[in-house]
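Notes for the one structure printed next.
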Number of protein chains: 2
Amino acid sequence: MDERQALAAFGALSQETRLRILRMLVVAGPDGIAAGTIAEKAEVSASNVSFHLKELERAGLATARRDARSIIYSAGYDALSDLIRFLMEDCCGGHPEICAPVATAAACCTPSRDIVLQEIVK
Amino acid sequence: MDERQALAAFGALSQETRLRILRMLVVAGPDGIAAGTIAEKAEVSASNVSFHLKELERAGLATARRDARSIIYSAGYDALSDLIRFLMEDCCGGHPEICAPVATAAACCTPSRDIVLQEIVK
DNA sequence: TCGATACTTTTAGGATTATTGAAATATGGA
DNA sequence: TCCATATTTCAATAATCCTAAAAGTATCGA
């Protein structure tokens with residue numbers, strides 16, 4: 001992920017409605033959610049949700065596909081992962097020791113491996 | 001970190017000059033950099049850098065202290081860590097399996113522990 | 001102590017960009 | 001084809017950004 005993409009992603013996430021939508025999409029998983037449903041859940045107008053979804057899409061944080069009359073949006077997990085990596089490089093690159101707290105949170109990503117390793121250590 | 005803080009942080013990082021400044025500060029470490037030096041390095045006016053530093057400070061991503069005639073800015077590592085954690089929760093919370101790539105990057109934060117565990121596994 | 005100096009911040013303005021609700025367009029089914 | 005549903009485009013409003021000039025603040029030397 002280059003700086004340009006990171007800027008777009010940060011911009012996309014710096015708006016309350018968009019952040020809420022993204023979290024919705026992440027929770028929904030690969031199945032995604034129809035634009036109209038997103039509008040209802042986020043309690044914003046259809047035009048507004050359309051605008052914000054486009055913004056998320058532009059940043060790679062959401063992808064769209066048509067299903068009958070609806071357009072289904074899903075989270076762009078790759079872009080999300082890339083963004084986290086981008087931040088981690090900024091944070092850990094210069095000073096690994098400062099970022100230790102993050103590593104704890106990272107454990108949630110590979111629970112099985114971690115548990116296996118911990119068992120072995122025991 | 002609550003949503004309000006995350007929004008402020010994303011907003012702070014969504015501007016090219018500010019992102020460049022933050023990366024500078026991270027690399028500089030706890031010693032920090034004087035405002036004037038930042039302006040030179042970033043190739044922007046003093047007033048402009050002042051504006052952007054205030055924005056970073058507001059988001060907790062930078063802290064200021066005086067040293068003789070200069071004002072030294074340092075990266076706000078806690079806020080940065082918090083932001084990464086916030087993103088990880090959004091990303092991993094619903095679907096841990098999708099975020100595996102991030103875990104790899106996380107390894108940079110606890111290299112020693114990881115090496116130890118890998119040795120044991122061997 | 002006091003003024004001169006170095007450094008940074010504040011302010012005002014105009015230009016660019018973001019947000020929003022209303023109108024318009026496109027799609028699928030009868 | 002026609003209607004109902006779903007989404008997008010458009011134009012007005014609001015927010016943000018940048019430059020330059022003026023003001024503020026603390027330090028250093030006499």
Side-chain angles (χ1 to χ4, degrees), chain A residues 3-25 28 31-76, chain B residues 3-25 28 31-76:
Chain A
E3 185 173 305
R4 177 172 300 261
Q5 289 176 292
L7 283 170
F10 286 132
L13 296 177
S14 68
Q15 210 280 343
E16 190 175 358
T17 302
R18 284 198 294 266
L19 184 56
R20 202 176 331 152
I21 290 174
L22 180 73
R23 302 180 86 168
M24 251 181 234
L25 292 179
D31 290 350
I33 318 178
T37 308
I38 295 171
E40 282 176 26
K41 289 194 179 184
E43 296 180 335
V44 298
S45 70
S47 68
N48 193 319
V49 93
S50 174
F51 170 80
H52 288 310
L53 283 169
K54 278 242 171 309
E55 202 71 7
L56 287 170
E57 206 176 358
R58 198 173 61 82
L61 293 168
T63 57
R65 67 175 192 278
R66 177 171 282 278
D67 177 42
R69 290 188 183 179
S70 298
I71 293 188
I72 311 287
Y73 283 87
S74 315
Chain B
E3 186 174 305
R4 177 170 300 260
Q5 289 175 292
L7 283 170
F10 286 132
L13 296 177
S14 68
Q15 210 279 341
E16 191 175 356
T17 301
R18 283 197 295 265
L19 184 56
R20 204 177 329 154
I21 291 174
L22 179 74
R23 304 181 84 171
M24 250 181 235
L25 293 179
D31 290 348
I33 317 179
T37 308
I38 295 171
E40 282 177 26
K41 289 194 180 186
E43 296 180 333
V44 298
S45 70
S47 68
N48 192 323
V49 92
S50 176
F51 169 77
H52 288 308
L53 282 170
K54 277 246 169 308
E55 202 70 9
L56 286 171
E57 206 175 0
R58 199 174 60 83
L61 292 168
T63 58
R65 69 174 192 278
R66 175 171 284 277
D67 176 44
R69 293 187 179 179
S70 296
I71 294 188
I72 311 287
Y73 282 87
S74 316

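Lettering of chains follows the sequences in order, A, B, ..., and the numbering in each one begins at 1.
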Could you tell me how far apart A:Ile71 (CD1) and C:dT25 (P) are, to the nearest whole angstrom?
17 Å

Does A:Leu13 reach the side chain of B:Leu13, with side-chain heavy atoms less than 4.5 Å apart?
no

Sorted by number, the residues of residues 62-70 of chain A with heavy-atom contact under 4.0 Å to DNA chain D:
A:Arg69, A:Ser70

Mind jotting down which residue pairs meet the side-chain hydrogen bond (donor to acceptor under 3.5 Å, both in side chains) criterion with at least one end in residues 60-72 of chain B? Sequence neighbours excluded, please.
B:Arg65-B:Ser74

From A:Ile38 atom CD1 to A:Leu25 atom CG, the distance as rounded to the nearest 0.5 Å
5.0 Å

With a sphere of 6.0 Å drawn around CD of B:Gln5, does it hold more than 12 non-hydrogen atoms of other residues, nucleotides or ligands?
yes

Degree of bending in the helix from C:dT1-D:dA30 to C:dA30-D:dT1 once both end axes are built from five pairs, to 10°:
30°

On DNA chain D, compare the nucleotides closest to B:Gly11 and A:Tyr73; which residue's is nearer the 5' end?
A:Tyr73

Return the set of residues passing salt bridge (charged side-chain N to carboxylate O under 4.0 Å, His left out) with A:Glu3 (not counting sequence neighbours), or none when no residue passes.
B:Arg23

Rounded distance (nearest 0.5 Å) linking atom CG of B:Leu56 with atom CD of B:Gln15:
9.5 Å

Using atom types as modelled and distance alone, determine if a side-chain donor or acceptor of A:Arg20 lies under 3.5 Å from a backbone N or O of A:Lys41.
no

Heavy-atom pair of closest approach, residues A:Ala9 and A:Leu61
O-CD1, 4.0 Å

Whole-Å distance between C:dT20 C1' and A:Glu16 CD?
15 Å

Between residues 40-56 of chain A and DNA chain D, which residues have a heavy-atom gap below 4.0 Å?
A:Ala46, A:Ser47, A:Ser50, A:Lys54

Output the distance between atom CZ (A:Phe51) and atom OG (A:Ser45), rounded to the nearest 0.5 Å.
11.0 Å

Supply the atom-to-atom distance B:Ser50 OG to B:Glu55 CD, rounded to the nearest 0.5 angstrom.
11.5 Å

State the OG1-CD distance between B:Thr17 and B:Glu43, to the nearest 0.5 angstrom.
10.5 Å

Point-to-point distance, once rounded to the nearest 0.5 Å, from CG of A:Leu22 to CG of A:Leu53
10.5 Å

Where does the chain B footprint on DNA chain D start and end, counting 5' to 3' with a 4.0 Å heavy-atom cut-off?
D:dC17 to D:dC28

What is the minimum heavy-atom distance between A:Gly11 and A:Ser14, and which atoms define it?
O-OG, 2.8 Å

